[in-house]
Amino acid sequence: MLHLFDTATGTVTPLRRRTPGEVSMYVCGPTVYGPPHLGHGRFALVFDVLRRYLMWSGDEVVYVSNITDVDDKIIDRAAAEHTTADVVAHHWEQMWWQAMDRIGVLRPTHDPHATAYIADMVALVADLIDRGAAYVLDDGVYFDSSAVADYGLLARQSLDSLRAGARVDVDDAKRSPTDFALWKLAKPGEPAWPSPWGAGRPGWHTECVVMSLDLLGDGFDLHGGGADLAFPHHENERAQAMACGRPFARHWMHNGFVEVGGEKMSKSLGNFTDLTDLCDRHDPRAYRLLVLRSHYRSPVEVSEASATDATRALERLDAFARRMAPLLSNGSANVSGNSHAGVTPDPAVLDSFARAMDDDLDTPAVMDLVFTTVRSANALADAGNADAAAPLGAAVFVVCEAVGLMLDAGAADAEVPAELLELARQRDAARANRDFAAADHLRDRIQAAGWVVEDTADGTALRPG
RNA sequence: GGCGGCGUGGCCGAGUGGCUUAGGCAGGGGCCUGCAAAGCCCCGUACGUCGGUUCGAUUCCGACCGCCGCCUCCA
């Protein structure tokens, strides 16, 4: 039974599903006004791991993650680039999905766009006004935070203390600093939709309420996002739903920050914070490994050094995959990805995996398990006990796949250039004749072409360097 | 000011009142190998400071120091 830390209660509790065997989850997606950064990558990976684990456990998962395509930042960028908000949003959304594909994040079941839900949002705002939970000012409509008795639940602070700490300027007419915009009247040139209060656009906190309830229904199972969304974004979503009398998320989950040099990552700290850039410079799987290796609620340090570290660890896993693949494929099937046909994965390993994941997604323990199992299987294989190694190898494949870490069993011979295969064949012949000078010369030539040479029982094996 | 988190060996990063006190990367030694590569074995003996509780604390309590986050757009 999966247990998760719930931000609303501050405790680790069992995930109680609305419907047994199904999990409905909503994860706040990006505002598409710029390149995806490492922080986006982390939340996407964390929730992708959760989703995959639920699926692996047999749950039917409905995963909704939105695209915020109307927002002040998009408008600002469009103005700076002398184009329209539409163009900006569309472009960066493409970049977003590209990056998600690269880091192996599954596409959401639904990916609602704010602009497709304007009418529903207008209806929600009108309802809030009717219920006395919102009020109209001359620049828009605001939510009255005092309308919800337990406002501050996710911040784990009282309304009074939140008000006391508010750092907002008091120059606007909001009744309280904790009140927030539901509808912003448009200034000239800004994107606008009609409403009873005048042409304008929705406030940021409204879209997720409408879209989550529409696609997942009242009382859906889990709502998540980065830790900085807990307050005010999620607090405000929840407040709107409560004020309308709609049961909202049953469980709240937030992931920790990515840090660079011990501080919350920021764009000013250089291009390494760009997710695309990280994927260009390292195996994209390295970032997933980095994320898995730390607990999702802890900060994770990302640097050139930690990415390199993770890449090396990955090479170890890939080397293991290459070694195990022949044992798991009945020697015939083309082994790619995490294929493990024909061998039953070690049940004890799978059991340990599930226990660790059920304990608030203890992925560090899972990585411990993976590497420890790899060592055991290698040792058995070294001892010539392939039959004992194979189930461990299969279990490693299963576990890695269940958290989205796809091991690379290496290129098939067909993918190695023919001339290199010929050199490898000549090298085997030279070695058979104990002509090591010639063999080493051939190895040098192969390595010069960028390939790594490994001796195996079957002769020279090549893989990309 | 309010709320919360963190300080672990060269680096990343778990965890625990004592019992062989993760794992990865890097480093050292060994085995294997014609030499490598890959792999296996062994090694470092760490928990911010000062007190307290305890037979015993890195782990519990307190104080302090340092760092970070949220309270404003933010994954």
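Note that the coordinates shown come from a computational prediction; the quantities given were computed from them, not determined experimentally. In what follows, chains carry the letters A, B, and so on, assigned in the order in which the sequence lines appear, proteins first and then strands, with residues in each chain numbered from 1.
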| Centroid separation A:F353 to A:Y53 less than 6.0 Å | yes
Side-chain contact check for A:F257: nearest option of B:G23, B:A75, B:C71 is B:A75
* Asked: Between A:R288 and A:D48, is there a salt bridge with N-O shorter than 4.0 Å?
  -> yes
A correct dot-bracket answer for RNA chain B, with pairs being Watson-Crick or G-U at under 3.5 Å, [ ] for crossing pairs and | for inter-strand pairs, is (((((((..(((.....[....))).(((((.......)))))....(((((..]....))))))))))))....
Checklist line | P atoms of B:A14 and B:G7, separation to the nearest Å | finding: 9 Å
* Is A:H295 touching bases, backbone alone, or none of the nucleic acid, heavy atoms closer than 4.0 Å? -> sugar-phosphate
Side-chain ion pair, A:D408 and A:R322, N-O less than 4.0 Å: no
Quiz item: Between the base of B:G34 and the side chain of A:D440, is there a donor-acceptor distance below 3.5 Å?
Solution: yes
Q: Could you give the distance separating B:U53 and B:A63 at their C1' atoms, to the nearest angstrom?
A: 15 Å
Report task. Please confirm whether any donor atom in the side chain of A:D455 sits under 3.5 Å from an acceptor in the base of B:C35, or the reverse. Result -> yes
Inset, instruction - Assign A:R431 to base, sugar-phosphate, or nothing according to its heavy-atom contacts below 4.0 angstrom with the strands shown. - result: base
Quick one: does A:R316 reach the base of B:C25 with a side-chain donor-acceptor pair under 3.5 Å? no
Quiz prompt | Donor + acceptor pair across side chains of A:T311, A:D283 (<3.5 Å) | solution = no
Measure up the A:Y151 and A:F231 rings against each other and bin them: parallel (under 30°), tilted (30 to 60°), perpendicular (over 60°).
perpendicular
Whole-Å distance, A:E259 CD to B:C70 P, equals 11 Å
Practice task
Could you tell me whether A:F248 and A:F220 have their ring centroids closer than 6.0 angstrom?
Solution key: yes
| Are the side chain of A:R42 and the backbone N or O of A:N255 linked by a donor-acceptor pair below 3.5 Å? | no
Worksheet item: Quick one: does A:R427's side chain have a donor or acceptor within less than 3.5 Å of a partner on A:L442's backbone?
Response: no
Under 5.5 Å between ring centres and under 30° between planes: true for A:F436 and the base of B:G34?
yes
Residues, nucleotides or ligands: over 12 heavy atoms within 6.0 Å of A:R445 CZ:
no
Practice prompt. Return no unless some side-chain N or O of A:R375 is found under 4.0 Å from OP1 or OP2 of B:G24.
Written response: yes
**Item:** side-chain N/O A:N378 vs B:C40 OP1/OP2, d < 4.0 Å
**Value:** yes
From CD1 of A:I446 across to C1' of B:A37 the rounded distance in Å is 12 Å
**Short side-chain N/O contact to B:A14 OP1/OP2 from A:S298, under 4.0 Å** = yes
Considering only nitrogen or oxygen atoms on both sides, find all protein atoms under 3.5 Å from nucleotides 26-29 of chain B and state each distance.
none

Contacts of A:R427 and A:G226 projected onto RNA chain B by closest heavy atom; the upstream (5') one is A:R427
